[in-house]
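Scroll down for the structure; my scribbles are underneath it.
It should be emphasised that the depicted structure is a prediction, and the values quoted were computed from it without experimental measurement. Chain A is the first sequence line, chain B the second, and so forth, proteins listed ahead of strands; every chain is numbered from 1. Side-chain atoms are counted along with the backbone in the values below, which use heavy atoms only and exclude waters and symmetry mates.
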Protein chains: 4
Amino acid sequence: MALLVEKTSSGREYKVKDMSQADFGRLEIELAEVEMPGLVSCRTEFGPSQPSKALESPVRWCSCNIFSTQDHAAAAIARDSAAVFAWKGETLQEYWWCTERALDWGPGGGPDLIVDDGGDATLLIHEGVKAEEIFAKTGQVPDPSSTDNPEFQIVLSIIKDGLQVDPKKYHKMKERLVGVSEETTTGVKRLYQMQESGALLFPAINVNDSVTKSKFDNLYGCRHSLPDGLMRATDVMIAGKVAVICGYGDVGKGCAAAMKTAGARVIVTEIDPICALQALMEGLQVLTLEDVVSEADIFCTTTGNKDIIMVDHMRKMKNNAIVCNIGHFDNEIDMQGLETFPGVKRITIKPQTDRWVFPDTKSGIIVLAEGRLMNLGCATGHPSFVMSCSFTNQVIAQLELWNEKSSGKYEKKVYVLPKHLDEKVAALHLGKLGARLTKLTKDQSDYVSIPIEGPYKPGHYRY
Amino acid sequence: MALLVEKTSSGREYKVKDMSQADFGRLEIELAEVEMPGLVSCRTEFGPSQPSKALESPVRWCSCNIFSTQDHAAAAIARDSAAVFAWKGETLQEYWWCTERALDWGPGGGPDLIVDDGGDATLLIHEGVKAEEIFAKTGQVPDPSSTDNPEFQIVLSIIKDGLQVDPKKYHKMKERLVGVSEETTTGVKRLYQMQESGALLFPAINVNDSVTKSKFDNLYGCRHSLPDGLMRATDVMIAGKVAVICGYGDVGKGCAAAMKTAGARVIVTEIDPICALQALMEGLQVLTLEDVVSEADIFCTTTGNKDIIMVDHMRKMKNNAIVCNIGHFDNEIDMQGLETFPGVKRITIKPQTDRWVFPDTKSGIIVLAEGRLMNLGCATGHPSFVMSCSFTNQVIAQLELWNEKSSGKYEKKVYVLPKHLDEKVAALHLGKLGARLTKLTKDQSDYVSIPIEGPYKPGHYRY
Amino acid sequence: MALLVEKTSSGREYKVKDMSQADFGRLEIELAEVEMPGLVSCRTEFGPSQPSKALESPVRWCSCNIFSTQDHAAAAIARDSAAVFAWKGETLQEYWWCTERALDWGPGGGPDLIVDDGGDATLLIHEGVKAEEIFAKTGQVPDPSSTDNPEFQIVLSIIKDGLQVDPKKYHKMKERLVGVSEETTTGVKRLYQMQESGALLFPAINVNDSVTKSKFDNLYGCRHSLPDGLMRATDVMIAGKVAVICGYGDVGKGCAAAMKTAGARVIVTEIDPICALQALMEGLQVLTLEDVVSEADIFCTTTGNKDIIMVDHMRKMKNNAIVCNIGHFDNEIDMQGLETFPGVKRITIKPQTDRWVFPDTKSGIIVLAEGRLMNLGCATGHPSFVMSCSFTNQVIAQLELWNEKSSGKYEKKVYVLPKHLDEKVAALHLGKLGARLTKLTKDQSDYVSIPIEGPYKPGHYRY
Amino acid sequence: MALLVEKTSSGREYKVKDMSQADFGRLEIELAEVEMPGLVSCRTEFGPSQPSKALESPVRWCSCNIFSTQDHAAAAIARDSAAVFAWKGETLQEYWWCTERALDWGPGGGPDLIVDDGGDATLLIHEGVKAEEIFAKTGQVPDPSSTDNPEFQIVLSIIKDGLQVDPKKYHKMKERLVGVSEETTTGVKRLYQMQESGALLFPAINVNDSVTKSKFDNLYGCRHSLPDGLMRATDVMIAGKVAVICGYGDVGKGCAAAMKTAGARVIVTEIDPICALQALMEGLQVLTLEDVVSEADIFCTTTGNKDIIMVDHMRKMKNNAIVCNIGHFDNEIDMQGLETFPGVKRITIKPQTDRWVFPDTKSGIIVLAEGRLMNLGCATGHPSFVMSCSFTNQVIAQLELWNEKSSGKYEKKVYVLPKHLDEKVAALHLGKLGARLTKLTKDQSDYVSIPIEGPYKPGHYRY
């Protein structure tokens, strides 16, 4: 791949779509800051003006998803503050090239910390270390053709190429790394699996399971961004339609609420009887996809699992049924089955909005964002306010890892943030919304055995 | 103004932004048709394939609003079916030039019928006729400087120029015209005022007050398009915010419902105690703008009146408060007061999204679509399904005017469609949504004195 | 029937359940007054302390429904202020006896005005007059056996008995009567039918179609009282259930909203395509009763028509499906079919809550309030606040009829209250809820041609 | 206290309000069974017909709250199946007498297991054992006058009296006891405190923190029962009112949702910033009680803490503001402060509905259920369906304790049920609501590392 890294006048590397959009990006960043009280408050509390200069270090940045970059924002950051390798609409090859660039700190070495989202940077390092070990023992390099998964083929190629340059590259990286903080359900799941198998190479903080992340970003973020993506991509009237939400976890709950309040009739599919019963208590119908595939207008996957909507489902759908995914990975919808269906015709209405027409019925379905995260592909993701909650968790997690790097507090395990930090994140966002908290009296505090300053709930509390 | 009319290869006139977008426009039109069962059904029932060829006549088309054109759709129509003079982001001068082009049918004469939206075409003809009468009597031409209103100055200039070419132009037009059908609250109000003063020059059908228009397009359309516009323009999180909806008519009801269900706290301002009591019954707070101007985050005007949000209000708002209008005209927000406020600074984030910064406080507000219809300026207006209801009313009204053109049924007055046609419009939209109606038995029909086939309600029924 | 009229110490007639409950009734009336700002305001404005003493006259009172009396309130009124003939759980015979008592003003004559609710008092007078005319001409008395309708048999009996005492009784009544004001959809319908056939004997004001009645009492009242009645009668969990609402007029809209927000899945049946499309826009499914009869848990009729849920429907329902009616008359549910179904068994759980078991399936359904208005039979009807709107309309209508009794303003026709009085009713209820209205400026008033003090909307406005 | 235990003809002890209501109670129990699929399914799976006869043992029953008994149901159970000591409206003395009766199994000894709700039975045993130990060592008996708390004085009296009869009574009890299962937030809190201090005398299963309990009973139960209690007690219109919900935990969330959907404007008070931010995301205002005390109409405490609404708050409220509590204990509202306020006057409207009038202002407030659980005092508690979830957890917990009584699995600690049992409880309730679950394929199961049969979520998942 012939991608060239560019440099700013100050010598900082980058690769973005269009540096001329940097001013527009800066304006939008300034607007966003007004919506991100928690994050801005962290900058004030922990930023470069502080003695600790805790957040002053250089940053290298790539995207967690081929569609999730806002090019103008990337340009502003590349110009003003960090090495950015990201643009909207990367190919998978470009995506992993960017990931590798972000992890390449040159001879000085790095990174010290990773802020991850989906776990791809973490994955690359772990796979790299594994390959280097095999190579050291056996001289064997990874074989991309050993896997059917086209994306993993790319990962193996990158590692293979890297091996020939520096057979200790990923080992050096993991030695230096203080830890990672990860914010997605999907990425966290991988971390726990690695912890269980003993493969985890450095400490990890699970930011996803902070209440102020999973019960906010996942729920309220998707409640906002699902209709946003649908409207931008298709302009379709949601009221009166039948919407099927596959999965009723935090993301599914947000999606279902959004569709219901917009006037759709919502049907949920679930494997988990508890979540199913929650859906029923909200007046939603719980059925299988097969039950409703031919009568619904909008389908959205939110499961975190694969093979949810297969091409055989899609063939049975109504003409112009909308099919989209808001889960982290693009394997919830059987895009490969669709793309390779004999005689199928793809008509691109506009970027990220394709009509796929089946040859026999001449009936078509509308697939958003090629089956990837539709809120990133078709809209701009989650709004700043809720992301401020997530990112404040990330900042606090990074500081925690850094401050405790020599204390031995964190082993090669997965940790969640303590309750009082989670509550702090929330507290930082109340003022912007005009809220006023009640304060426990000493007497009340004693009665319920809860400190006046919190934490207010036991760890298992579900909110 | 040096605008040039272009011509298709078949010789049809047009002026659009970019004819190369015609294919994209055609694709979107085809998608829209699937969402417009009523309109498509009219084409089948009354279209060119039918003996009456009722809907086969040539059409000339302009926009009703400087922001409301979708350029790709306009290109497709211009290329394939009608003379179009419209693009997104016209100046006012361009807007009226387009309106005049649409009304200029050349020597053969025309139009026979007007489909109006806001009443500007109707206004131009009425003002033209008035000026021609004065000119015929006194030789006087209209004086644009006689009015403060910059837009009306343009109207007078156009008429003045026209007088010099053909002093009977608008007389000929009104003689030929069979009638107009009008679909907005605002345009209809003008028609009734002209009817009352005896100035109405031809029959008019008030389509706005069909139930399937005012209780659908106005209500459900805005419930969809207000959040759509807000999200596209600002990406702002609506949940947690305080939203002030000025006016609680059909449009205001839709806007308030959208904000409430998106998680905002909604405050309504109203002059009408009945509408105010309705708002209260939905759990909304009813206060004056002055009460809440400094604590709200989002302001939206829906009143159809003028001078709702003045620059003095805007100065008291929170930093980055969003100010927008979804009523037909742009005088609900005091844009002139804002633009001429000493020292105010306008920072265009992107088209239709401006931040206005006041010099004293350095605090700014975000104004959408320059105070014009934000759902047209910042999003794509109302979705096809609900517009299908409105436009089916328009089609039925046009057919009615045409079929009765010689019968004397319609005088120079304003009419609403009879109930059974209104019900027909609704019925045409049920199948798409999977609904099944119940049918009265003969016995039930007799008991309630309602015909089995309808109409089902008395004229005064409010739905 | 051996019912005896009783008398208070002051000699006022009454017949109530239990005079010892008068204190409790008085307490509840005092609580209710706090919730009825419009009505209390009328008392202040027009009451006995005022020169006109407009509302000072004696009143005779019966119930409009066999279940709708609150016995403690009736006792308080009987003791303190008016002649009351009403108790909860009257037989039909008792009901009409009470109606006759209320209309019997003795030798002095009366009544001057009727406040009607459902139109039974009005019906009795009209039928009485009709019978007296026949009797005068032919000597024939009404024959109760001429009708199948058991209730109408009672009416004819009463008239027949009356004829023998005074063959001009109803003639004298109608001569004296200044008019009636009527507040139900059902009663109003009868009035319009009588107006059309020329049978209406005195002026009538249709209070039902005041916006502050039909869009408040019918809608918000039922939204409150349907779940209230269901919960008191059955304690059933509404969340998760499938509720079928037959009819989606104002009452049906309120019922559907209540069930939806309580967590039920709501299915609507409708004959009117416009109302059906409204239901769809709110995310409700529109099907026929046959489509859903065997899968729903709760059925509620709101149509104003008859024969909505027949015994054959009931036989197909799930075990313990709840069947109830919230429309004015008890013929929406086929109680006769149920009662006479061979082998059916009625098990009274408690008053107004019966389980009917079919012999073949041993499966039963729960019928509320014997098919009559379940919110009156199983709960206490609509809350005071919304009734204050309705009753303020009644008071204003009564005053209007009385004040204009000699002016000839009102003929033997049906009238609605003028818009400004409707708006006044709403305005009287705003302060209690803390609302503050916006006031038009002179300039705005001119611009929209709406008087500063209202009325704010044209007559056809739908709210 | 001169309460006499009665006996059925078969010799079973009981004390209920009115045995003649047993038939009515049986009818209602049969209705309830149709709504309790989980519980009925347990009876089928584990009941007397099964070899293990697991649920066949005798039961002694008292109430957990002075208002929570339905007398007709108690009568039916007393007559047909178990020793019941409970009636609606017990004094505190009667309440503890009943508790003691339920724990008194006579010479044969017992109980083996306790199903607790609030923890009072568990408290009595723990206090009894403590007193017996002191008595054994020092001869000292408990001194009721040693505490200010009137209820605890009663507990100490009972123990003191018991000591004189059998100084080892509670020791024998705790020796025999296999364990307790407890279902309230409040009771569970006590158990954890005892576990921490080492005072817990037998194993305990925390049923409250089963998802199918705390996220169902607490949330959906209260969403149902708060409006139910308000309507039965006051008939007040909720729409248009301002409702203050103190606390936004599971119970508060249910209450706030109920008030919002009924058309009230809801204000939340909270100490916990996370819960506060959740309230904001739902469009609710978060303020302190002091901010809103004089403008709200309805106040409901849900905190589990004490001293939430003090008499000084109540004095500032609007006339006829409604004050109620839905938390487990009656100390959320300062009833003592109210009762002892100089000159205050109590007017009982009806049982559980009192108007308290302050002497200075003549303004009154309405207090429900004397500050105790208003949904039990003024209505019938939570509906059967959601209680079926809670009670199925109880049954499963009891079986678990019993089956493992000799295995040593459970120490003197507090346990929660394993996830798969929690999911089982939910699964047992889906069929009744017509839901159909999706089943994982083997391939999907492997991909997400979740067994096809569950459990589907990690322990920390929040739902």
Side-chain angles (χ1 to χ4, degrees), chain A residues 24 27-28 30-35 70 72 216 219-221 223-225 227-232 234-242 257-258 260-263 265 295-297 318-320 347-350 353 355 364 366 379-388 429-430 432-435, chain B residues 24 27-28 30-35 70 72 216 219-221 223-225 227-232 234-242 257-258 260-263 265 295-297 318-320 347-350 353 355 364 366 379-388 429-430 432-435:
Chain A
F24 171 34
L27 279 176
E28 290 235 312
E30 284 167 9
L31 288 184
E33 285 180 353
V34 178
E35 286 288 299
Q70 294 186 27
H72 53 295
F216 285 80
L219 177 66
Y220 304 117
R223 191 177 68 176
H224 179 104
S225 66
D228 191 9
L230 280 174
M231 292 191 285
R232 295 199 207 205
T234 69
D235 295 310
V236 81
M237 182 96 176
I238 297 169
K241 296 299 194 300
V242 176
K260 183 182 179 185
T261 58
R265 180 157 65 85
E295 66 162 303
D297 302 284
K318 286 164 69 172
N319 185 31
N320 285 7
I347 301 164
T348 297
I349 311 295
K350 56 188 178 188
T353 307
R355 183 162 186 263
I366 315 285
T380 60
H382 290 177
S384 301
F385 185 83
V386 82
M387 294 317 293
S388 176
H429 290 85
L430 295 178
K432 164 81 180 166
L433 303 183
Chain B
F24 171 33
L27 279 175
E28 289 235 312
E30 284 167 10
L31 288 185
E33 286 180 355
V34 178
E35 285 289 299
Q70 294 186 27
H72 53 296
F216 285 80
L219 177 66
Y220 303 117
R223 191 176 68 176
H224 179 104
S225 65
D228 191 10
L230 281 173
M231 292 191 285
R232 295 198 208 204
T234 70
D235 295 308
V236 80
M237 182 95 174
I238 298 169
K241 297 298 194 302
V242 176
K260 183 182 179 186
T261 57
R265 180 158 64 86
E295 65 161 305
D297 302 282
K318 286 164 69 172
N319 185 31
N320 285 9
I347 301 164
T348 297
I349 312 296
K350 58 187 176 188
T353 307
R355 185 162 185 262
I366 315 284
T380 60
H382 290 178
S384 302
F385 186 84
V386 82
M387 295 316 293
S388 176
H429 290 85
L430 296 178
K432 163 81 180 163
L433 303 182

Which pair of heavy atoms, one from L433(B) and one from G240(A), lies closest together, and at what distance?
CD2-O, 3.4 Å
Is L230(B) close to chain A through its backbone or its side chain, or both, or neither, when contacts mean heavy atoms under 4.5 Å?
neither
Proximal component of F24(B), with respect to chain A [non-hydrogen, under 4.5 Å]:
side chain
Does any part of the side chain of T234(A), heavy atoms only, come nearer than 4.5 Å to the side chain of L31(B), both counted from C-beta?
no
Measure the CD1-NE2 distance between I349(A) and H72(B) for me, rounded to the nearest 0.5 Å.
10.0 Å
List the atom of M237(B), the atom of P383(A), and the distance in Å for their closest heavy-atom pair.
SD-CG, 3.1 Å
Can you say whether T348(B) sits under 4.5 Å from chain A via the side chain, the backbone, both, or neither, judging by heavy atoms?
backbone
From R355(B) atom CZ to E30(A) atom CD, the distance as rounded to the nearest 0.5 Å
7.5 Å
How many angstroms lie between atom CE of M231(A) and atom CE of M231(B), to the nearest 0.5 angstrom?
3.0 Å
If one checks every heavy atom of V236(B) against chain A at 4.5 Å, the contacting part turns out to be both
Please identify each residue that fulfils salt bridge (charged side-chain N to carboxylate O under 4.0 Å, His left out) with R232(B), with sequence neighbours left out.
D235(A), D228(B)
Check each atom of K318(B) against the heavy atoms of chain A and say whether the ones under 4.5 Å are side chain, backbone, both or neither.
side chain
Could you grab the distance from atom CG of D297(B) to atom NZ of K432(A), nearest 0.5 Å is fine?
6.0 Å
Given a strict heavy-atom distance threshold of 4.5 Å, which part of V386(A) is in contact with chain B: side chain, backbone, both, or neither?
both
Can you find a heavy atom in the side chain of K350(B) that is under 4.5 Å from one in the side chain of E28(A)?
yes
Quick check: closest heavy atoms across A239(A) and R223(B), and the distance to 0.1 Å?
CB-NH2, 3.4 Å
Distance in Å, F385(A) CZ paired with K241(B) NZ, rounded so as to fall on 0.5 Å steps:
6.0 Å
